[in-house]
K.L.:
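Submitted below is the structure of interest, expressed as C-alpha coordinates.
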Amino acid sequence: MRFSLTTWNINSVRLRINLVAKFIKSVRPDVLCLQETKCIDDAFPLKRFKRLGYEHIALNGQKGYHGVAIVSRLPFEKTDIRTFCDKLDSRHISVEFGPGAQLARPLVLHNFYVPAGGDIPDPALNPKFEHKLRFLDEMKSCEPLHPRGEDRHILVGDLNVAPHENDVWSHKQLLKIVSHTPIECEKLLAAQNQGDWIDVARDRIPMSEKVYTWWSYRAADWTVGDRGRRLDHIWVSRALKERVSDFRIVRDARGWERPSDHVPVTVTLDL
DNA sequence: ATGGTCGGCGTCCGA
(Lines give C-alpha, C1' and ligand atoms only; values in the text may rest on other atoms or scores of the structure.)
Protein backbone atom coordinates (compact mmCIF):
# COMPACT_ATOMS: atom_id res chain seq x y z
CA MET A 1 0.00 0.00 0.00
CA ARG A 2 1.21 3.45 -0.97
CA PHE A 3 0.98 6.03 1.83
CA SER A 4 1.83 9.69 1.27
CA LEU A 5 2.04 12.42 3.85
CA THR A 6 2.62 16.18 3.64
CA THR A 7 3.67 18.60 6.39
CA TRP A 8 3.07 22.33 5.86
CA ASN A 9 3.20 25.37 8.12
CA ILE A 10 0.30 27.20 6.49
CA ASN A 11 0.37 30.44 8.58
CA SER A 12 -3.44 30.75 8.82
CA VAL A 13 -5.45 27.93 7.29
CA ARG A 14 -8.49 30.16 6.75
CA LEU A 15 -6.57 32.80 4.81
CA ARG A 16 -4.81 30.22 2.64
CA ILE A 17 -7.46 27.55 2.20
CA ASN A 18 -7.42 28.09 -1.59
CA LEU A 19 -3.66 27.48 -1.69
CA VAL A 20 -4.15 24.30 0.34
CA ALA A 21 -6.84 23.17 -2.14
CA LYS A 22 -4.52 23.91 -5.06
CA PHE A 23 -1.76 21.85 -3.47
CA ILE A 24 -4.08 18.98 -2.55
CA LYS A 25 -5.50 18.75 -6.08
CA SER A 26 -1.99 18.52 -7.49
CA VAL A 27 -0.22 16.22 -4.99
CA ARG A 28 -3.16 14.35 -3.39
CA PRO A 29 -1.35 13.21 -0.25
CA ASP A 30 -3.23 10.68 1.89
CA VAL A 31 -2.57 12.80 4.96
CA LEU A 32 -1.85 16.51 5.45
CA CYS A 33 -0.30 17.81 8.68
CA LEU A 34 -0.73 21.55 9.15
CA GLN A 35 0.89 23.94 11.61
CA GLU A 36 0.07 27.54 12.53
CA THR A 37 -3.57 27.07 11.60
CA LYS A 38 -4.30 30.13 13.80
CA CYS A 39 -7.94 29.37 14.47
CA ILE A 40 -10.12 27.71 17.05
CA ASP A 41 -11.52 24.29 16.12
CA ASP A 42 -15.01 25.69 15.45
CA ALA A 43 -13.56 28.04 12.81
CA PHE A 44 -11.52 25.35 11.00
CA PRO A 45 -12.66 24.96 7.33
CA LEU A 46 -13.87 21.40 7.93
CA LYS A 47 -16.43 21.26 5.11
CA ARG A 48 -13.92 22.41 2.50
CA PHE A 49 -11.54 19.60 3.44
CA LYS A 50 -14.36 17.05 3.43
CA ARG A 51 -15.40 18.17 -0.05
CA LEU A 52 -11.78 17.69 -1.12
CA GLY A 53 -11.95 14.09 0.09
CA TYR A 54 -10.35 14.49 3.51
CA GLU A 55 -13.08 13.26 5.81
CA HIS A 56 -11.00 12.36 8.85
CA ILE A 57 -9.77 15.38 10.76
CA ALA A 58 -8.01 15.81 14.10
CA LEU A 59 -7.73 19.35 15.46
CA ASN A 60 -5.81 21.13 18.19
CA GLY A 61 -6.48 24.79 17.55
CA GLN A 62 -6.41 27.94 19.64
CA LYS A 63 -7.40 31.53 19.01
CA GLY A 64 -4.95 33.61 17.00
CA TYR A 65 -1.74 31.68 17.62
CA HIS A 66 -0.15 28.31 16.88
CA GLY A 67 -2.61 25.48 16.14
CA VAL A 68 -2.02 22.09 14.51
CA ALA A 69 -4.26 19.80 12.47
CA ILE A 70 -4.16 16.40 10.76
CA VAL A 71 -6.50 16.01 7.80
CA SER A 72 -6.71 12.58 6.24
CA ARG A 73 -8.36 10.55 3.49
CA LEU A 74 -7.75 7.46 5.62
CA PRO A 75 -9.57 6.88 8.91
CA PHE A 76 -7.52 6.70 12.10
CA GLU A 77 -8.21 4.74 15.27
CA LYS A 78 -7.30 7.33 17.92
CA THR A 79 -6.13 10.87 18.52
CA ASP A 80 -3.87 12.23 21.24
CA ILE A 81 -2.76 15.72 22.26
CA ARG A 82 0.29 16.43 24.40
CA THR A 83 1.25 19.61 26.16
CA PHE A 84 4.80 20.75 26.78
CA CYS A 85 6.40 23.09 29.31
CA ASP A 86 3.13 23.20 31.32
CA LYS A 87 1.59 25.51 28.73
CA LEU A 88 -1.74 25.10 26.98
CA ASP A 89 -0.25 26.11 23.59
CA SER A 90 -1.58 24.03 20.67
CA ARG A 91 1.70 22.60 19.44
CA HIS A 92 1.13 18.86 19.13
CA ILE A 93 -1.40 16.35 17.87
CA SER A 94 -0.98 12.68 17.02
CA VAL A 95 -3.12 9.99 15.43
CA GLU A 96 -2.77 6.24 15.06
CA PHE A 97 -3.73 4.50 11.82
CA GLY A 98 -4.71 0.83 11.97
CA PRO A 99 -7.26 -1.61 10.55
CA GLY A 100 -9.56 1.20 9.35
CA ALA A 101 -6.77 2.31 7.02
CA GLN A 102 -6.12 -1.30 5.91
CA LEU A 103 -2.98 -1.44 8.03
CA ALA A 104 -2.22 -4.70 9.80
CA ARG A 105 0.31 -2.97 12.03
CA PRO A 106 -0.31 0.38 13.75
CA LEU A 107 1.24 3.54 12.31
CA VAL A 108 1.66 6.41 14.78
CA LEU A 109 1.92 9.96 13.41
CA HIS A 110 3.02 12.99 15.46
CA ASN A 111 2.54 16.55 14.17
CA PHE A 112 4.58 19.27 15.96
CA TYR A 113 4.88 23.01 15.99
CA VAL A 114 7.99 23.82 18.03
CA PRO A 115 8.23 27.38 19.47
CA ALA A 116 10.09 29.79 17.19
CA GLY A 117 12.06 31.21 20.12
CA GLY A 118 12.10 34.97 19.50
CA ASP A 119 15.12 36.91 18.26
CA ILE A 120 17.71 36.96 21.06
CA PRO A 121 19.65 33.66 21.28
CA ASP A 122 20.17 33.85 25.06
CA PRO A 123 17.80 31.97 27.39
CA ALA A 124 18.71 34.32 30.27
CA LEU A 125 17.57 37.39 28.34
CA ASN A 126 14.83 35.92 26.16
CA PRO A 127 12.03 33.86 27.77
CA LYS A 128 10.87 32.69 24.32
CA PHE A 129 14.25 31.14 23.61
CA GLU A 130 14.29 29.59 27.08
CA HIS A 131 10.85 28.09 26.32
CA LYS A 132 12.08 26.71 23.00
CA LEU A 133 15.07 25.01 24.63
CA ARG A 134 12.87 23.52 27.36
CA PHE A 135 10.40 22.33 24.74
CA LEU A 136 13.20 20.51 22.87
CA ASP A 137 14.42 18.96 26.15
CA GLU A 138 10.89 17.71 26.84
CA MET A 139 10.63 16.25 23.35
CA LYS A 140 13.81 14.34 24.10
CA SER A 141 12.63 13.03 27.47
CA CYS A 142 9.09 12.17 26.28
CA GLU A 143 9.50 8.38 26.02
CA PRO A 144 6.13 7.58 24.32
CA LEU A 145 7.22 9.79 21.42
CA HIS A 146 10.20 7.69 20.51
CA PRO A 147 10.12 4.50 18.43
CA ARG A 148 11.95 1.31 19.34
CA GLY A 149 12.62 -1.85 17.38
CA GLU A 150 9.85 -2.56 14.90
CA ASP A 151 7.65 0.43 15.86
CA ARG A 152 6.16 2.28 12.89
CA HIS A 153 6.26 5.95 13.85
CA ILE A 154 6.40 9.17 11.84
CA LEU A 155 7.14 12.59 13.36
CA VAL A 156 6.65 15.69 11.23
CA GLY A 157 6.26 19.38 11.62
CA ASP A 158 7.71 22.85 11.81
CA LEU A 159 10.49 22.11 14.28
CA ASN A 160 11.86 25.65 13.90
CA VAL A 161 15.46 24.40 13.96
CA ALA A 162 17.78 23.95 10.97
CA PRO A 163 20.25 21.53 12.60
CA HIS A 164 22.93 20.97 9.93
CA GLU A 165 25.34 23.34 8.16
CA ASN A 166 23.62 22.97 4.81
CA ASP A 167 20.17 23.40 6.33
CA VAL A 168 20.82 27.16 6.13
CA TRP A 169 22.08 29.48 3.40
CA SER A 170 25.11 30.53 5.47
CA HIS A 171 26.22 28.45 8.43
CA LYS A 172 28.70 31.10 9.61
CA GLN A 173 26.29 34.01 9.35
CA LEU A 174 23.49 32.18 11.15
CA LEU A 175 25.41 30.77 14.13
CA LYS A 176 23.90 33.47 16.38
CA ILE A 177 20.51 33.51 14.67
CA VAL A 178 17.70 31.67 16.46
CA SER A 179 16.92 28.46 14.51
CA HIS A 180 20.60 27.64 13.87
CA THR A 181 22.41 28.33 17.17
CA PRO A 182 24.56 25.39 18.31
CA ILE A 183 22.57 24.83 21.53
CA GLU A 184 19.20 24.35 19.80
CA CYS A 185 20.73 22.27 16.98
CA GLU A 186 22.29 19.99 19.63
CA LYS A 187 19.00 19.71 21.50
CA LEU A 188 16.98 18.88 18.39
CA LEU A 189 19.51 16.20 17.35
CA ALA A 190 19.53 14.86 20.93
CA ALA A 191 15.73 14.46 20.74
CA GLN A 192 16.09 12.76 17.37
CA ASN A 193 18.75 10.40 18.71
CA GLN A 194 16.58 9.48 21.69
CA GLY A 195 14.53 7.26 19.38
CA ASP A 196 15.31 5.13 16.33
CA TRP A 197 14.57 8.08 14.05
CA ILE A 198 15.65 8.67 10.48
CA ASP A 199 15.67 12.27 9.19
CA VAL A 200 14.18 11.51 5.75
CA ALA A 201 15.53 14.62 4.00
CA ARG A 202 19.11 13.91 5.09
CA ASP A 203 18.76 10.18 4.45
CA ARG A 204 17.96 10.94 0.81
CA ILE A 205 19.84 14.17 0.09
CA PRO A 206 23.62 14.36 0.70
CA MET A 207 24.71 16.47 3.70
CA SER A 208 26.77 18.58 1.30
CA GLU A 209 23.65 19.77 -0.54
CA LYS A 210 21.65 22.82 0.59
CA VAL A 211 18.03 22.00 1.48
CA TYR A 212 15.44 24.60 2.55
CA THR A 213 11.73 24.65 3.36
CA TRP A 214 11.34 28.24 4.59
CA TRP A 215 12.22 31.69 3.25
CA SER A 216 11.63 34.85 5.32
CA TYR A 217 8.89 37.33 4.49
CA ARG A 218 11.39 40.07 5.36
CA ALA A 219 12.98 40.17 1.94
CA ALA A 220 11.70 42.07 -1.04
CA ASP A 221 12.37 39.02 -3.25
CA TRP A 222 12.69 35.60 -1.57
CA THR A 223 14.62 34.20 -4.54
CA VAL A 224 17.48 36.71 -4.30
CA GLY A 225 20.44 34.92 -2.77
CA ASP A 226 18.18 31.95 -1.93
CA ARG A 227 18.44 32.73 1.79
CA GLY A 228 16.42 29.79 3.05
CA ARG A 229 16.45 27.47 6.03
CA ARG A 230 15.26 23.85 6.55
CA LEU A 231 12.82 24.24 9.44
CA ASP A 232 10.24 21.63 8.42
CA HIS A 233 11.08 18.00 9.02
CA ILE A 234 9.90 14.45 8.43
CA TRP A 235 11.33 11.72 10.66
CA VAL A 236 10.44 8.05 10.24
CA SER A 237 11.30 5.20 12.58
CA ARG A 238 14.10 2.89 11.47
CA ALA A 239 11.56 0.16 10.71
CA LEU A 240 10.12 2.44 7.98
CA LYS A 241 13.42 3.66 6.52
CA GLU A 242 13.58 1.18 3.64
CA ARG A 243 9.90 1.78 2.86
CA VAL A 244 10.39 5.43 1.88
CA SER A 245 9.92 5.63 -1.90
CA ASP A 246 9.81 9.39 -2.46
CA PHE A 247 10.55 12.70 -0.75
CA ARG A 248 9.88 16.12 -2.19
CA ILE A 249 9.77 19.79 -1.29
CA VAL A 250 7.39 21.92 -3.36
CA ARG A 251 9.62 24.98 -3.45
CA ASP A 252 7.36 26.60 -6.07
CA ALA A 253 4.72 27.12 -3.37
CA ARG A 254 6.82 29.96 -1.91
CA GLY A 255 6.15 31.87 -5.13
CA TRP A 256 2.37 31.38 -5.16
CA GLU A 257 0.08 34.36 -4.58
CA ARG A 258 0.00 35.41 -0.89
CA PRO A 259 2.13 32.43 0.14
CA SER A 260 3.03 30.98 3.50
CA ASP A 261 6.69 31.53 4.35
CA HIS A 262 6.98 27.71 4.58
CA VAL A 263 6.50 25.25 1.70
CA PRO A 264 4.95 21.76 1.81
CA VAL A 265 7.21 18.74 2.33
CA THR A 266 5.96 15.30 1.27
CA VAL A 267 7.08 11.74 1.90
CA THR A 268 5.74 8.59 0.22
CA LEU A 269 6.06 5.13 1.77
CA ASP A 270 5.25 1.61 0.60
CA LEU A 271 3.59 0.01 3.59
C1' DA B 1 22.03 47.87 5.10
C1' DT B 2 21.50 45.32 11.94
C1' DG B 3 15.88 46.48 9.20
C1' DG B 4 12.90 44.27 6.56
C1' DT B 5 7.09 41.54 6.23
C1' DC B 6 3.47 38.81 7.62
C1' DG B 7 -1.48 37.28 10.15
C1' DG B 8 -4.70 37.79 13.79
C1' DC B 9 -6.54 40.75 16.57
C1' DG B 10 -7.71 44.81 18.08
C1' DT B 11 -4.80 49.81 18.49
C1' DC B 12 0.38 45.17 19.47
C1' DC B 13 2.14 40.34 19.75
C1' DG B 14 4.26 36.39 17.94
C1' DA B 15 6.58 34.79 14.00
Side-chain angles (χ1 to χ4, degrees), chain A residues 7-23 33-45 48 59-69 83-92 111-123 125-136 156-163 167-181 184-185 187-188 212-233 251 253-265:
Chain A
T7 178
W8 195 4
N9 178 321
I10 196 61
N11 188 15
S12 175
V13 67
R14 288 178 295 172
L15 188 72
R16 280 183 247 286
I17 188 63
N18 288 335
L19 291 189
V20 177
K22 172 180 172 165
F23 172 82
C33 293
L34 297 171
Q35 304 88 32
E36 278 206 274
T37 52
K38 290 189 173 176
C39 66
I40 57 171
D41 294 348
D42 285 346
F44 192 87
R48 187 72 186 277
L59 299 174
N60 179 15
Q62 72 180 77
K63 188 175 179 174
Y65 304 105
H66 322 315
V68 289
T83 56
F84 292 80
C85 306
D86 299 316
K87 287 177 186 274
L88 293 176
D89 290 3
S90 295
R91 297 185 178 277
H92 168 269
N111 179 16
F112 270 97
Y113 176 50
V114 172
D119 289 331
I120 303 163
D122 181 343
L125 298 175
N126 174 8
K128 294 195 194 87
F129 192 62
E130 190 271 338
H131 175 216
K132 181 181 197 175
L133 297 182
R134 240 174 347 112
F135 193 101
L136 292 169
V156 306
D158 175 5
L159 304 186
N160 264 317
V161 181
D167 293 340
V168 293
W169 62 276
S170 169
H171 171 62
K172 271 192 180 172
Q173 284 178 257
L174 271 74
L175 276 169
K176 291 181 179 173
I177 301 297
V178 171
S179 73
H180 193 62
T181 63
E184 60 193 302
C185 294
K187 285 183 185 294
L188 183 74
Y212 313 136
T213 65
W214 174 91
W215 293 261
S216 174
Y217 282 129
R218 298 177 188 178
D221 181 343
W222 70 279
T223 63
V224 172
D226 195 19
R227 297 185 166 194
R229 304 178 201 168
R230 186 171 74 99
L231 303 180
D232 303 275
H233 299 261
R251 181 189 167 96
R254 186 62 179 81
W256 292 353
E257 197 180 338
R258 289 199 86 181
S260 168
D261 43 357
H262 297 253
V263 298
V265 182

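The figures here come from the full heavy-atom set of this structure, side chains too, leaving out hydrogens, waters and symmetry mates. The chains referred to below are lettered A, B, ... by the order of the sequence lines, with proteins before strands, and numbering in each begins at 1.
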K.L.:
Measure from CG on Asn126(A) to P on dG14(B) and round the result to the nearest Å.
P.N.:
10 Å
K.L.:
Using atom NE2 of His66(A) as one end and atom P of dG7(B) as the other, report the distance to the nearest whole Å.
P.N.:
17 Å
K.L.:
Let me know the distance between CG of Asn160(A) and P of dG14(B), rounded to the nearest Å.
P.N.:
15 Å
K.L.:
Under 4.0 Å, counting only non-hydrogen atoms across every strand here, what does Arg258(A) touch: a base, just sugar-phosphate, or nothing?
P.N.:
sugar-phosphate
K.L.:
Which residue lies toward the 5' end of DNA chain B, Thr37(A) or Pro115(A), if each is placed at its nearest nucleotide?
P.N.:
Thr37(A)
K.L.:
Could you check whether the rings of His92(A) and Phe84(A) sit parallel, tilted or perpendicular, using 30° and 60° as the cut-offs?
P.N.:
perpendicular
K.L.:
Side chain of Tyr65(A) only, please: which of dA15(B), dC6(B), dC13(B) is the nearest?
P.N.:
dC13(B)
K.L.:
Closest to the Arg91(A) side chain: dA15(B), dC9(B), dT5(B)?
P.N.:
dA15(B)
K.L.:
Validate the cation-pi geometry between Arg229(A) and Trp214(A): distance from NZ or CZ to the six-membered ring centre under 6.0 Å, angle to the ring axis within 45°.
P.N.:
no
K.L.:
Base, sugar-phosphate, or nothing for Ala219(A), non-hydrogen atoms under 4.0 angstrom?
P.N.:
nothing
K.L.:
Fit a plane to each ring of His180(A) and His171(A), take the angle between them on a 0 to 90° scale, and name the class: parallel (under 30°), tilted (30 to 60°) or perpendicular (over 60°).
P.N.:
perpendicular
K.L.:
Tell me which nucleotide among dG7(B), dA15(B), dG8(B) gets nearest to the side chain of Asn11(A).
P.N.:
dG7(B)
K.L.:
Expressed as a whole number of angstroms, how long is the span from Leu15(A):CG to dA15(B):C1'?
P.N.:
15 Å
K.L.:
Rounded to whole angstrom units, what separation is found between the CG atom of Asn9(A) and the P atom of dG7(B)?
P.N.:
12 Å
K.L.:
Could you give the distance separating dC6(B) and dG10(B) at their P atoms, to the nearest angstrom?
P.N.:
22 Å
K.L.:
Starting at atom CG of Asp261(A), determine the distance to atom C1' of dG7(B), rounded to an integer number of angstrom.
P.N.:
10 Å
K.L.:
In whole Å, what is the span from the NZ atom of Lys176(A) to the C1' atom of dT2(B)?
P.N.:
14 Å
K.L.:
Between His131(A) (NE2) and dG14(B) (C1'), how many Å, whole number?
P.N.:
13 Å
K.L.:
I'd like to know if the side chain of Asn60(A) pairs up with that of Ser90(A) as donor and acceptor (distance under 3.5 Å, no hydrogens or angles considered).
P.N.:
yes
K.L.:
Between dC6(B), dC9(B), dA15(B), which nucleotide gets closest to the side-chain atoms of Lys63(A)?
P.N.:
dC9(B)
K.L.:
Distance check, C1' atoms only: dA15(B) and dG3(B), in whole angstrom units.
P.N.:
16 Å
K.L.:
Nearest to the Arg14(A) side chain among dT5(B), dA15(B), dC9(B), which nucleotide is it?
P.N.:
dC9(B)
K.L.:
Thinking salt bridges, do Asp89(A) and Lys87(A) make one under a 4.0 Å N-O criterion?
P.N.:
no
K.L.:
In whole Å, measure the gap between the C1' atoms of dC9(B) and dG4(B) for me.
P.N.:
22 Å
